[in-house]
Structure formats: structure tokens, C-alpha cells
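Taking it in order: structure first as C-alpha cells, then the write-up.
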Amino acid sequence: MKTGPLWCVNCERMMPDDPGHRLRPLYDRLLMAYGPQGWWPGDTAFEVMVGAILTQNTAWTNVEKAIVNLQTAGALTPAGLLALSPAELANLIRPAGYFNVKARRLHALVELVTQHGGLDALFALDTASLRAQLLDVHGVGPETADCILLYAAERPAFVIDAYTRHILGRLGLAPSSARYHELQQLFVGHLPQDVPMFNEYHALIVRHGKERCRTRPVCDGCPLCADCDWRQRRRQNA
DNA sequence: ACCCAGGGTCATA
DNA sequence: TATGACCATGGG
């Protein structure tokens, strides 16, 4: 990725060339501001996988209702979920929205688990193979695959979402045209491959987004704007 | 009434 | 490659 020098428009000084150098301080500041987020909410790896599908473009509060319905129906296991008809499953997950689409996606995901003879066998795969298998499932894209890798299989996969793109853009750390893999490499390439830290980092980014998106003026009390280091913008010529 | 959430797929140009 | 339509409920 092309990266020019970073210039703080507030304090008028140069920042390190590599935007990746800002990612550790960014994490520290988010953690300081919001504290540990305790992700992922869910008791089992399978429940996390189900939640990863259900939360696609959907508020988590709605997902919780769907999870409760599945739990009550005994459908939070591969066998239990597979025992449901598409219509029954769709009805249970109705509160999460897109219920017909997501019912099919859940069945496809369970099919992958079944093909490998269970979740333990599936998660015995190396990370690259597991990610490829997940991406083969209809309805599992890069973000959902990495959510499952990180929060269910506990692999060092950094999750990129819309909030991540927004924050990186505002801080001038990546262009809006950057692709998923490029943004992911920015994090993976400049941070230790630490699963609990990746876990917390993404959760903090989402927390920050929910906390501040559309509820307050952009820089009013924002923990990322608290000192001038965060008001940097890329410049062509210093 | 309007906007959008912890996305992904598919059809077009 | 890059947009746009579509899926659908619930809370602000």
C-alpha cells in the first residue's frame, strides 16, 4: 500500500511514515477510554458462529432475541439446528432480520461442520485452510469468516468492519479505496499475533463506533481526538 | 417518517 | 473493478 508521510494538522509536525506505527497507540487509547469489552458474548464456539451470521448488518440487540429463541428451541447445536425445517429456523431467527437469507446461511454453515464430522474436527484444520473452508460457505464473507476464526476458533485473524474503515480513514491511516485484505495486513503486519489482543481491538473499535456514531459531534470529547496526535492527515509534500 | 445496525450475494456496466 | 438492489426487524 502506498503511504506518504503523515502530518498532524493540529500540532504541525511529522509523524512516522508507516501508518502501522500508530496502531498500537490507537489500541492503548481505546482500551484506556472504554476498558475491556469481553467479546464474544456467547457460551460455546457454535453459538459464536451462529451469532456471526445473525449479526450481519444487524444490531446485536436483535441478534440476542434470535439467539434466545434458538436456545429455547434447543437449536444451538449443529444437530439441533439441522433438525429444524427452513421455515421453522427462519421463524425462530425472525428478530434478527433477513431471516430467510440467514436461515439458509446457517444451514450452509452447519453443513460444513457436518462434512468435517463435527466442530472439533473442523477446528483442527490449520488457519489458512479453515478460512478457505469458511469462505466457501454461501453467506460467509471475509468479515464473518474472520469473526469465526478469531472469536470461535481463537486464531489470530484481525476483523475488518465498516467502523474500522471509518476510523482508519478519519485518522488518515488508510485510503477509503483500500481493500479488506490490505487493511487486515496493516494490523496483522504491525502488531504481535496475539489472539486476546486482536479480540479486544476489534471489540473496542466497534464499541467506539457505537458510542460515537451519529450520537455526538465528531471531535467533541472523542478519545481519539483528545490530543493532537490523532488529528493527523496525509499530505503530498511536507 | 426516516436512518441504519458487529455483511454478503447477485446482476449489471 | 465498481456500483446498486436486495434481504427485513427493531431502536433511535
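Rounded to whole Å, the P atom of dG8(B) lies 23 Å from the corresponding atom of dG10(C). Rounded to the nearest Å, the gap between the P atom of dG6(B) and that of dT3(C) is 24 Å. Comparing the P positions of dG4(C) and dC3(B) gives an interatomic distance of 16 Å, to the nearest angstrom.
Backbone-only engagement by Val140(A) is indicated by non-hydrogen atom pairs under 4.0 Å involving sugar-phosphate atoms exclusively. Within the nucleic acid shown, Arg179(A) comes within 4.0 Å of sugar-phosphate atoms alone, with no base atom in reach, counting heavy atoms only. Lys102(A) comes within 4.0 angstrom of nothing in the nucleic acid, heavy atoms only.
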### Query
Which is it for Leu191(A) and Phe198(A) under the side chain to side chain contact (heavy atoms under 4.5 Å, CB included) test, yes or no, and what are the steps along the way?
CA-CA 9 Å; Leu191(A) 295 169; Phe198(A) 280 13; 4.1 Å; yes
### Message
Under the criterion side chain to side chain contact (heavy atoms under 4.5 Å, CB included), I'd like the reasoning laid out for Leu54(A) against Leu70(A): C-alpha separation, chi angles, the key distance, then a yes or no.
### Response
CA-CA 11 Å; Leu54(A) 292 180; Leu70(A) 291 173; 4.2 Å; yes
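Judged purely by atom type and a 3.5 angstrom limit, Gln37(A) uses its side chain to pair as donor or acceptor with the backbone of Gly35(A).
Taking atom CG of residue Asn100(A) and atom P of nucleotide dA8(C), one finds them 5 Å apart after rounding to whole Å. One can place CD of Glu143(A) at 15 Å from C1' of dT9(B), the figure rounded to the nearest angstrom. Per the geometry, CG belonging to Asp136(A) stands 15 Å off C1' belonging to dG8(B), to the nearest Å. Atom P of nucleotide dG6(B) and atom CD1 of Ile148(A) are separated by 17 Å, given to the nearest angstrom. The distance from atom CG of Asp146(A) to atom C1' of dG7(B) is 13 Å, rounded to the nearest whole Å. Rounded to whole Å, the distance from CZ on Phe99(A) to P on dG8(B) is 21 Å. Between Arg104(A) atom CZ and dC6(C) atom P there is a gap of 16 Å when expressed in whole angstrom units. Atom OH of Tyr180(A) is separated from atom C1' of dG8(B) by 13 Å (rounded to the nearest Å).
Between Asn62(A) and Arg105(A), it is Arg105(A) whose nearest contact on DNA chain C lies nearer the 5' terminus. Heavy-atom nearest nucleotides on DNA chain B were determined for Val206(A) and for His138(A), and the one closer to the 5' end corresponds to Val206(A).
The side chain of Trp40(A) has dG6(B) as its nearest neighbour among dG11(C), dG7(B), dG6(B). Candidate nucleotides dG6(B), dG10(C), dA8(C) were compared by shortest atom distance to the side chain of Pro95(A), and dG10(C) ranks first. Here dT9(C) is the nucleotide among dG6(B), dG8(B), dT9(C) with the atom lying nearest to any side-chain atom of Arg94(A).
The side chain of Thr55(A) places no N or O atom within less than 4.0 Å of a non-bridging phosphate oxygen (OP1 or OP2) of dG7(B). In this model, the phosphate group of dG7(B) is not approached by any side-chain N or O of Arg165(A) to a distance below 4.0 Å at OP1 or OP2. In this model, the phosphate group of dG6(B) is approached by a side-chain N or O of Tyr163(A) to a distance below 4.0 Å at OP1 or OP2.
In this structure, Trp39(A) forms an aromatic stack with the base of dG6(B), since both conditions hold: centre separation below 5.5 Å and plane angle below 30°.
dA1(B) makes up no base pair with any nucleotide shown, lacking Watson-Crick or G-U wobble contacts both under 3.5 Å.
Of the N and O atoms on the side chains of Thr72(A) and Asn69(A), not one donor lies less than 3.5 Å from an acceptor on the other residue. A donor-acceptor contact closer than 3.5 angstrom links the side chains of His208(A) and Tyr34(A).
Leu150(A) and Val137(A) end up in the same hydrophobic cluster when Ile, Leu, Val, Met, Phe, Trp and Tyr side chains are linked at under 4.5 Å.
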